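Working notes for the structure below.
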Amino acid sequence: MREALAWNQGEVHELFVTATAADRNPELLQSASAAGIRISEVTDKAAASLSETVTPQGLVAVVDAVPQPLDQALRGTPRLVAVLYGVSDPGNAGTVTRVADAAGADAVIFAGDTVDPHNGKCVRASTGSLFHLPIARSRDADEVFAACRAAGLRLVAADGYAEHDLVEASAKGDLVQPTAWVFGSEAHGLPDDVVARLDTSLKVPLYGAAESLNLATAAAVCLYASARDQRG
């Protein structure tokens, strides 16, 4: 909620708050009031009906839609972008958005049949990062890939079955290049035909006995590897 109030790309239209939540967050209400946002006190029951959580905090806001057009999200000279393809789990999508924000990525793009970035669980899992960096969404994955290439980004698939890994790519200096990392669903990864349409694919090396990494962990490793090399 605090990040939404500080968001300079959209607007908070109304804030619903319970008496208990108002007592706990006076500075937040002061900020909302100073911004001219309408504040409505509601009962605990009403707050529960507005929220998707089992134990709501008693704060619910009506906020502008987050996604921007692709060309706007990729404007300028982006160096690091996360593309989510076919990711259906909102918790994973929100966590990758948070990771991308932490790694200094320039944008997050929801491509193909991917969960809505406005999904309540996705918003909560992003812990405010949804309001920190450009978010774009397109059902047409090829449109996303073309837009990334037009922005000067190299499309790299995060693929556990790739021939080469992050360590090799870093040693060759490949991760210094402007990169759009493409991540698939945790259950199925990226389809072969999608990987074939990208510029290359890399895997995270597994040195122990674990079969694989979950999506958010793999995304963190990949994005931070690029961020480190690009800043090196």
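Sequential numbering from 1 along the given sequence is applied to the chain's residues. Everything quoted here is computed from the prediction, not taken from an experiment.
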OG-CG distance between S49 and D44, expressed to the nearest 0.5 angstrom: 11.0 Å
Sidechain-backbone polar pair: S31 side chain, E27 backbone, donor-acceptor under 3.5 Å: yes
Any donor-acceptor pair under 3.5 Å from E168 side chain to D165 backbone: yes
Shared hydrophobic cluster for F131 and V96 (ILVMFWY, side-chain gaps under 4.5 Å): yes
Gap between atom CG of N8 and atom NE2 of H132 - 0.5 Å precision: 10.0 Å
Value rounded to 0.5 Å, distance of OG in S201 from CG in D159: 5.0 Å
Closest approach of N119 to P90 (non-hydrogen atoms, all atoms of both residues): OD1-CB, 3.2 Å
Nearest heavy atoms of A22 and V17, plus distance in Å: N-CG2, 3.5 Å
Sidechain-backbone polar pair: E186 side chain, L215 backbone, donor-acceptor under 3.5 Å: yes
Short side-chain to backbone donor-acceptor contact, T114 and A111, under 3.5 Å: yes
Path from V123 to V66 over hydrophobic side-chain contacts below 4.5 Å: yes
Donor-acceptor pairs are to be reported for all side-chain atoms of residues 174-184 against protein atoms at under 3.5 Å, with residues two or more places apart or in another chain.
from	atom 1	to	atom 2	distance (Å)
T179	OG1	Q177	O	2.8
W181	NE1	C222	O	3.4
W181	NE1	S226	OG	2.8

Closest contact, heavy atoms only, P117 versus L130: O-CD2, 3.7 Å
Spatial distance of atom OG1 (T97) from atom CD1 (I109) [nearest 0.5 Å]: 11.5 Å
R139 atom CZ, over 12 foreign heavy atoms within 6.0 Å: yes
Electrostatic pair R197-D193, nearest N-O below 4.0 angstrom: yes
Cluster check V83, V99: I/L/V/M/F/W/Y, side chain < 4.5 angstrom: no
Closest contact, heavy atoms only, E41 versus A19: OE2-CB, 3.7 Å
CA sep, side-chain torsions, deciding dist, call: T18, T43, side chain to side chain contact (heavy atoms under 4.5 Å, CB included): CA-CA 6 Å; T18 64; T43 64; over 6 Å; no
C148 vs L74 side-chain heavy atoms within contact, under 4.5 Å: yes
Atom pair CG (L84) and CG (N92), whose distance is rounded to the nearest 0.5 Å: 9.0 Å
Derivation of the side chain to side chain contact (heavy atoms under 4.5 Å, CB included) call for R2 and N25: CA-CA 10 Å; R2 291 185 180 90; N25 302 277; 3.5 Å; yes
Pairs where residues 67-126 contributes a residue and the test ring-ring contact (aromatic ring centres under 6.0 Å, His included) is met, not counting sequence neighbours: none
Heavy-atom side-chain proximity of L202 to V156 below 4.5 angstrom: yes
Side-chain donor-acceptor pairs under 3.5 Å in residues 51-63, sequence neighbours left out?
from	atom 1	to	atom 2	distance (Å)
S51	OG	T53	N	3.2
S51	OG	T53	OG1	2.9

R228 (side chain) donor-acceptor with Y224 (main chain) under 3.5 angstrom: no
Side-chain donor/acceptor of D199 to backbone N/O of L155, under 3.5 Å: yes
From CA spacing to verdict: side chain to side chain contact (heavy atoms under 4.5 Å, CB included), C122, D116: CA-CA 8 Å; C122 183; D116 189 339; over 6 Å; no
Separation of Q9 CD from L133 CG (nearest 0.5 Å): 11.0 Å
Donor-acceptor contact below 3.5 Å, side chain T95 vs main chain G91: yes
Note, L29 side chain near L15 side chain (heavy atom, < 4.5 Å): yes
W7 and V12, any side-chain heavy atoms less than 4.5 Å apart: no
Within 6.0 angstrom of R24 CZ, more than 12 heavy atoms from elsewhere: no
Connected via hydrophobic side-chain network under 4.5 Å: L206 and V221: yes
Audit row: I37, L5, side chain to side chain contact (heavy atoms under 4.5 Å, CB included) steps and yes/no: CA-CA 9 Å; I37 297 167; L5 289 172; 3.3 Å; yes
V144 with V87, same ILVMFWY side-chain cluster at under 4.5 Å: no
Donor-acceptor contact present, side-chain Q230 to main-chain R79, <3.5 Å: yes
Nearest heavy-atom neighbours spanning A136 and L70: CB-CD2, 4.0 Å
L190 versus A157, closest heavy-atom pair with distance: CD1-CB, 3.6 Å
Q72 backbone acceptor or donor facing R75 side chain under 3.5 Å: yes
